[in-house]
Structure formats: C-alpha cells, structure tokens
Amino acid sequence: MKRSVYSICGMCTVRCPIRVESEDNKVTWIEGNPHLLGGALCAKGSAGVALLEDSQRPQQPLIRVGERGAGQWREASWDEAFAYVAGKLAAIREQYGPESVVLSSRGGPWQDLYKTFIHAFGSPNYTNHDCTCGRNTHHASLSINGVGRKGFAYDIKNAKHLVLFGRDMFSALRLAENHQTLDMLDKGGRLTYVDVRQTMTGVKATRFFQVRPGTDYALALAVIHEVIKRQYFDATFLAAYTSGFEELCRFVDEYTPAWAAKACDVKEKDILAFVDEIGEDRPKVIFHPGWNLARYRDSFYASRAMHILNILMGNIEMAGGLFIPKGAGDVGKKGIRAVDCPKPDIKRGDGVGWEFTHFDKGPGLAHLFFNRMLSEEPYPIKGWIAMRHDPFSGMPDPEKQKRAMSKCDLLVSIDTNYSEFGWFSDVILPESTYLERDTPICQQKGLKPRLAVRRKAVEPKYDTKASWEIFKGLADRLGMDTFFPFATIEEYWAWQLEPTGYTIADFEAKGFVELADKPVFYTPEQLAGKFKTPSGKLEFHSEKLDKVNLPSLKPFASPAAPEKGMFRLVFGRVAIHTHGHTTNNPLLSELMPENTLWINSKKAKAMGVVSGDLVEVSSADQSYRATVAAHVTDFIHPEAVFTVHGFGREIPRQTRNFLAGLSDQKLMIGKLDDWDQAGGGVNLCEVFVRVKKSIRNSKRRAEL
Ligand SMILES: Nc1nc2c(c(=O)[nH]1)N[C@H]1C(S)=C(S)[C@@H](COP(=O)(O)OP(=O)(O)OC[C@H]3O[C@@H](n4cnc5c(=O)[nH]c(N)nc54)[C@H](O)[C@@H]3O)O[C@H]1N2
Ligand SMILES: Nc1nc2c(c(=O)[nH]1)N[C@H]1C(S)=C(S)[C@@H](COP(=O)(O)OP(=O)(O)OC[C@H]3O[C@@H](n4cnc5c(=O)[nH]c(N)nc54)[C@H](O)[C@@H]3O)O[C@H]1N2
Ligand code: SF4
Ligand SMILES: [Mo]
C-alpha cells in the first residue's frame, strides 16, 4: 500500500520538515516539505533510507558480557533490558543517592522527556553537548542581551549584508537559512565570510577574509572602532535600549584597522572597504554571532563583539535584522503541554550553580563532570545515560573520559547507531530511526511560530523503540509512571494538544500547524521589556561579569603560534556528513569514505608533501596518531591544518568507517581541562598537532 506522511528529518539536529512516501512498509521517496522547503533536501536527508536499511546498526537491546569496550554483547528483549537498567539505577540510588546518575543528551525540542526522567529519578544532573558546541556564544548572548543564543533569530532573506565569522553555513547546513541566504544574494545582498581557510560559504561570499587562527576578536574590535569613528551606529536605538556605550568607545579606541590588519594577517584596505559596505547597508546588516565562533579561549568575547556590532547597527526586531523568535503566547495562542518535574534541589555534580555561578544552570557543563568523577567530589558519579549523545565523539580526550567512566556501575547508550560511547557502555537501548518512529509534538518558534510533529513513515525494521517509549518503559519500572501519563503516542499527542484546541488531525494537511498568519515583530514599546539583563537594557558592560571578576570588554591577546613541525588543528563540517554518525552510512560513506588533512602549500612544500601524499598526524604527547592523505592548498592559513570531524572511529561492527581517516577529538589530549572560564565552552581549537610525511607513501612516489 502507498502512503505519504509529513514528518521531520532526523539525519542532523536541524530537523528540516519533510514529506516521506512509502509502499508496503518500504520508504520510496523523501523530500523537503513542499509547503516550507519547496521539496529541497540535503544529501544526508536523502540518505535516510540507507540508515533505515543499514544492518550495521543495533537491532535489539544489547547487554555487555565481556570487558568494557571489548565488543562482546548478548542480545536481550526489551523487558529484560528495561529490568536490567532499572535494577542497576535503583541500586545506585539506594547506595549512593539519585544524584549519582548523569543523563546527557543532544538537547532539542523533546528534551523535556529526558529532563523529566532524570529529575523524577531524583538527580539534578541533566547535561547536554553544548559545552563543545555553542556554549560560549550562548553565554555571550546572555551577558549582553539577557537571552541565550536561541533568543535571537535572523531575517537573512530581507537583509542587505550577512557577515559570518567561521559560520560555514554551506557546509554546516540549515536548509531554510541556506535558502534565505541564496535569496538575499539573488536580490543583490552581500555576504562577508571570515575563516582561516576557504570554504563552500567563502566561495559564495562577496568578501572573504582569511584570518590568522584565533584572531576574529581583533578583527571585530577594529570594525567596532571604525563603525564608532565614522558614526555608523543608530544613536536613537543606543539611547533607548543600551547601557555602557561610552565605556565601549574608550575601550576600542586603540583597536584600529591598521592594528587589526597585522594581528589578523589581512589587509587594512580590505577592513576599511568592508566598513564602507556596512555603512551603505546598515541597518540591514546581520553579524551572525556564530554557532561556535570556532572554539578559542576568547570565543566568548569574540561572540560578544558580534552582538555589540548588531546592536550598533540597530538591527534588532526589524525586517532584515535580528528578531526574537515568537512562541504561542506571543501570538495570543495557548501553548502545548510538556512533561515536567521540578529539578531536585541538590548541588550539581559539575559545580555549575554553586562553584560556577555565572553559567546557565540548565544543562550545566558536561566536561566538568570528569575530574569530579575521578575525585568523587562533591559526590561519586556511578551512572551515565547518554541519550542521542556520544561523549567519546563529541567531547575531547575520550581516553580520559574512559578513565572517569570506569568508576561507573552503569553506562547506558540510547542511540540509533553504535556510538563510540555505546561500544564502551554496558547497555545499548536502540532507538528506532526517525523514519520508523512518532515523536511528541513540538513548538517551533519564529516570526510565524508553528507546531510540528514527526510521524513514522514505516514500522521499525528491527526490534527498536522510540525514545519516549524507552523513557516511559524505564520510568514505569522505577515507580515514576505518574510523570508520563499516557500509554500510546495518540494519548500523548491528545494530552499535549488539549490546552491548544487543536487535534492531531490538524497536522494532516501540511505536517504542521501555523500559529500566526503573518510575521510578528514586537513594537518598540514591547521590545523594551524583552532583555532579561539586570538593567533591562542591552549591556555593553555587564555587572554579572563584574561579580565574578571577569571583564566585560577584554583586551585582545594574540594567540600562541605553533612550534616548529606543529600546527594548530582546526576542524569543521562537510555538507554530506553529520558529525560521526553518518560516516558509516552505506550511501554517505561512499560519497566521502574518509577525511583528509588540509595543509598550506608552502608548509607542505617544505615537508615535501603534495596533495594525496599520506601524512602522519599525532597528538602533542604522541599518544594518538593517524595517517591520512594531505589536501594541499593555498587557501588555509599556514599556522593551521584542518580536518573534517567524525572519522577515525573504532567500532568493528561498523565496517565502512572502521579506522577510516583521522579523529580530531582523539588528538585533543587534556582538553577536558582547557575551557573558556567566561563562556564555559571547551577550547577545542587550542590544540597543536605534529604533522610529518608518512613512511607509508607508495614506493612509486618515493622514487619520483
Ligand atoms: N552538514 C552538516 N551540517 C551541520 C552539522 C553537521 O555535522 N553536518 N552540525 C551542526 C552543528 S551541531 C553545528 S554546531 C553547526 C556548526 O556550524 P559552523 O560553526 O558553521 O560549522 P563548522 O564547520 O564547525 O565551522 C567551523 C569553521 O570555523 C573555521 N575556523 C577555525 N578556526 C577559525 C578562526 O580562528 N576564525 C574563523 N573565523 N574561523 C575559524 C573552520 O575552518 C571551519 O570552517 O553545524 C550544524 N550543521
Ligand atoms: N573534536 C571535535 N569535537 C566536537 C566537534 C568537532 O567538530 N570536533 N563538534 C562539536 C559539536 S558542534 C557538537 S554539536 C557535538 C556533537 O556531538 P554529539 O552531541 O555527540 O552529536 P552527534 O554525533 O550528532 O550525535 C550523537 C549520537 O546521537 C546518535 N543519534 C543520531 N540520531 C539519533 C536518533 O534519532 N536517536 C538517538 N537516540 N540517537 C541518535 C548518533 O548515532 C550519535 O551516536 O560535538 C562537538 N565536539
Ligand atoms: S540539513 Fe539535511 S540532514 Fe539536516 S535536517 Fe535538514 S535535510 Fe535533514
Ligand atoms: Mo553543534
């Protein structure tokens, strides 16, 4: 029988809306939801069928029988696996207290489920991936704007100029944002791109700065200097909504374009020409605060500088600028219900909220758990549940993580794939792929907020379950069933929708329910109350930072240069892979089976390396090394080498990516302890590696 359902893609965390066709329980076609994406889908989205059909993913619950990491498993029924995990969790709770269990997840619109589970269990220790992703930019936004990194979105389509510092959006895709940017360029808009190397985004840009690694902050300070000098700011906006402008003016006085040109290895005339352009294009100039703004020790301040530039442009809450995403309440509608349980009033195990008081307590900071696990301070951690999160892949120095995790009595991976963490864990609870599962309804905020839902296109191919069923299954066995008051997804949807007046049938026509007909912008009066800072204004100077002895405006310090024979390791995305979990996908692994090492032509020449030669890359302490092909190019700064994240995996049941390429996170020795004290993010780009020509190069080449 033929079917068509609207759903939500799950090949990356962007979650694009899709339409899926199936026949006799086989997926035959996937496209972007025509009502929102005009059918467009990226390569990964199209490869969802290959994920579904892949036999190299866990097919039923697995319980470890050999040593941790040895890969010996016994297959278990769901009843058995639930009873096993619930039994171990109950024993930990009994012996050490509920706070001894951590649940980490990839965040997202369904995190209420995971948070409710761990809070109902009695632990405050919910954490997520963000310390290695957007935490610095999140805290930067909180410190200036009083709202986190998702507190603003960008009306790129109507902008005249988009400025991206290390936001390689045509590799690190978000389809709707990509479409908006292409539309903006078609209408004559400008795109300025800043990176240490040329990228898919850089080649579409109207202006490209190839900067010295870790110097974005210097460039941004010079632009602020020049914008203020030329009075390219919106004085009315500044007077109405900001505090600390005079201090900012004094601070940037010394940071001239001539100075920045030297600090960043770019030309002064290019900086001046760029400022000419933003003078013409303002206020419709968007400085994207970066998803990660790379991850250097001053990324928090660099991201603050982007926010400062937006504020100077006066582009907030207007077409072609930044806007505050609207939810149901903002458009006069009732929101959906979410499961909930108050967070237990117990100190977090990572120190956030009591030792570190200036960070968002929500998910804390995952990397801060590991030393504390080793020292058992403030209490032992005995269980770790990773839900759609692979700490060994997404966090640095997996060997150190393993040492800390070895203190645990229970490690559980809830994943669609074998993750590096899952392979080391005690129990794998396999989630059905996104094409085989229904999810709760979620709200998508925006200028026109929506409700959306993922609907299964086919029945599960293997003995897998949806995460809501997994958490409910465990909760029922731990006496926490009242928190999840539904037995089927239909009951769950009805319970969620009850306050809204909608029913699940309202999602049939387009796959979503639109809560507003037209884009909703706040009026200037409404805007005034929206910044949740202590003063209610956009604060160039933050008293919250004063309280923890951190400067609001920090002088630029030039990053360290690599020693001879070493390079700064930078990493990033390609459009056809999502981190490490698509590199074994039957289709995508064919498109890109392994990563390479980008290296500057002059440096390569000095080593006698040409493109395609094998190079050996090793960590500073030599404990991890891998051999990959060199990609020699002028378009990377000589101090840096670059690789695509997600390779160098070591899971024998994944034969397509087994030991293919190089793992950047395994080169990041000691980086769990090197993090930005102001922004909380791990300094993943403060890593130096040794590179040499490999002795494994073919004889023929050696003879040439
Ligand atoms: N296809 C695909 N899309 C994705 C993802 C994916 O895995 N695959 N992941 C999603 C996720 S989780 C995220 S967080 C986003 C990330 O989105 P982005 O941050 O846009 O993506 P990255 O590729 O990580 O970008 C890092 C870039 O920073 C550059 N860089 C390194 N050092 C510096 C520096 O000092 N200055 C500047 N200006 N640039 C520097 C690197 O060369 C690289 O091009 O992408 C999302 N989209
Ligand atoms: N060295 C280095 N470290 C990095 C990065 C880097 O580029 N280099 N990038 C950083 C960034 S920006 C991020 S966001 C993090 C990402 O790191 P993680 O948060 O670990 O994210 P992913 O690798 O996307 O996915 C984690 C796990 O989710 C599983 N998964 C995928 N789909 C599903 C699903 O539908 N259900 C379930 N239950 N599981 C699923 C995947 O198989 C994978 O094992 O890593 C960060 N760390
Ligand atoms: S960007 Fe691609 S993989 Fe990610 S959700 Fe959208 S279609 Fe899916
Ligand atoms: Mo991320």
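Order of appearance sets the numbers: ligands from 1, and atoms from 1 within every ligand. On a predicted model such as this, the values are computed, not experimentally measured, just so you know.
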Just jot down the ligand 1 atoms closer than 4.0 angstrom to any heavy atom of [X], in number order.
X	result
Arg106	12 (S)
Cys133	14 (S)
Lys44	1 (N), 2 (C), 3 (N), 8 (N)
Asp216	34 (C), 35 (O), 36 (N), 37 (C), 38 (N)
Ser171	1 (N), 2 (C), 3 (N)
Pro213	35 (O)
Ala575	1 (N)
Val570	31 (C), 32 (N)

Would you find more than 12 non-hydrogen atoms of other residues, nucleotides or ligands less than 6.0 Å from [X] atom [atom1]?
X	atom1	answer
Phe688	CZ	yes
Glu53	CD	yes
Met566	CE	yes
Lys461	NZ	yes

N or O pair under 3.5 Å between [X] and ligand 1:
X	result
Arg212	no
Phe642	no
Gly214	yes

* Tell me, with the steps shown, if Trp468 and Thr439 meet side chain to side chain donor-acceptor pair (under 3.5 Å). => CA-CA 7 Å; Trp468 75 268; Thr439 53; over 6 Å; no

Which part of [X] is near ligand 1, with near meaning a heavy atom under 4.0 Å away: side chain, backbone, both or neither?
X	answer
Tyr296	side chain
Arg197	side chain
Val14	neither

* Do any N or O atoms from the side chain of Ser601 and from the backbone of Val632 form a donor-acceptor pair under 3.5 angstrom? ->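 No, because the side chain of Ser601 does not come within donor-acceptor range (under 3.5 Å) of the backbone of Val632.
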
Location of contacts on [X] toward ligand 2, heavy atoms closer than 4.0 Å:
X	value
His389	both
Thr13	neither
Arg437	side chain

Could you tell me, atom by atom, which parts of ligand 2 come under 4.0 Å of a heavy atom of [X]?
X	value
Ser419	44 (O)
Met387	38 (N)
Gly394	3 (N), 4 (C), 17 (O), 45 (O), 46 (C), 47 (N)
Met668	1 (N)
Phe571	6 (C), 7 (O), 8 (N)
Gln665	1 (N)

* Asked: Pick from Glu469, Glu459, Glu431: which one makes a side chain to side chain donor-acceptor pair (under 3.5 Å) with Arg437?
  -> Glu431

Among all protein heavy atoms in this structure, tell me which lies nearest to [atom], with the distance rounded to 0.1 Å.
atom	answer
atom 3 (N) of ligand 1	Leu173 N, 3.0 Å
atom 15 (C) of ligand 1	Trp291 CE3, 3.2 Å
atom 29 (C) of ligand 1	Asp195 OD1, 3.1 Å
atom 16 (C) of ligand 1	Asn292 ND2, 3.5 Å
atom 21 (O) of ligand 1	Ala172 CB, 3.3 Å
atom 25 (O) of ligand 1	Gly166 O, 3.5 Å
atom 22 (P) of ligand 1	Arg573 CG, 3.7 Å

Quick one: which of [options] has a heavy atom closest to [atom]?
atom	options	answer
atom 40 (C) of ligand 2	Thr132, Asp397, Thr416	Thr416
atom 28 (O) of ligand 2	Arg388, Glu420, Arg295, His577	Arg388
atom 26 (C) of ligand 2	Leu684, Thr433, Asp390, Asn417	Asp390

Do the ring planes of [X] and [Y] sit parallel (below 30°), tilted (30 to 60°) or perpendicular (above 60°)?
X	Y	answer
Phe392	Phe421	perpendicular
His307	Phe152	tilted
Phe647	His577	perpendicular
Phe471	Tyr114	tilted
Phe274	Phe209	perpendicular

* Asked: Just how far is it from atom CG of Leu173 to atom CE of Met200, taken to the nearest 0.5 Å?
  -> 9.0 Å

* How many angstroms lie between NE2 in His579 and OG1 in Thr13, if you round to the nearest 0.5 Å? ->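 Spacing of NE2 (His579) from OG1 (Thr13) equals 5.5 Å.
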
Is the shortest heavy-atom distance from the side chain of [X] to the side chain of [Y] under 4.5 Å?
X	Y	answer
Phe370	Asp673	no
Tyr296	Tyr217	no
Phe170	Leu182	yes

* Would you mind checking if Asp360 and Arg149 are paired as a salt bridge, meaning a charged N to carboxylate O distance below 4.0 Å? =>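 Asp360 and Arg149: not salt-bridged.
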
* Asked: Is any NZ, NE, NH1 or NH2 atom of the basic residue among Lys671 and Asp674 found under 4.0 Å from an Asp or Glu carboxylate oxygen of the other?
  ->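 Yes, this pair counts.
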
* **contact_flag Ile576 ligand 1 heavy-atom lt 4.0 Å** => no

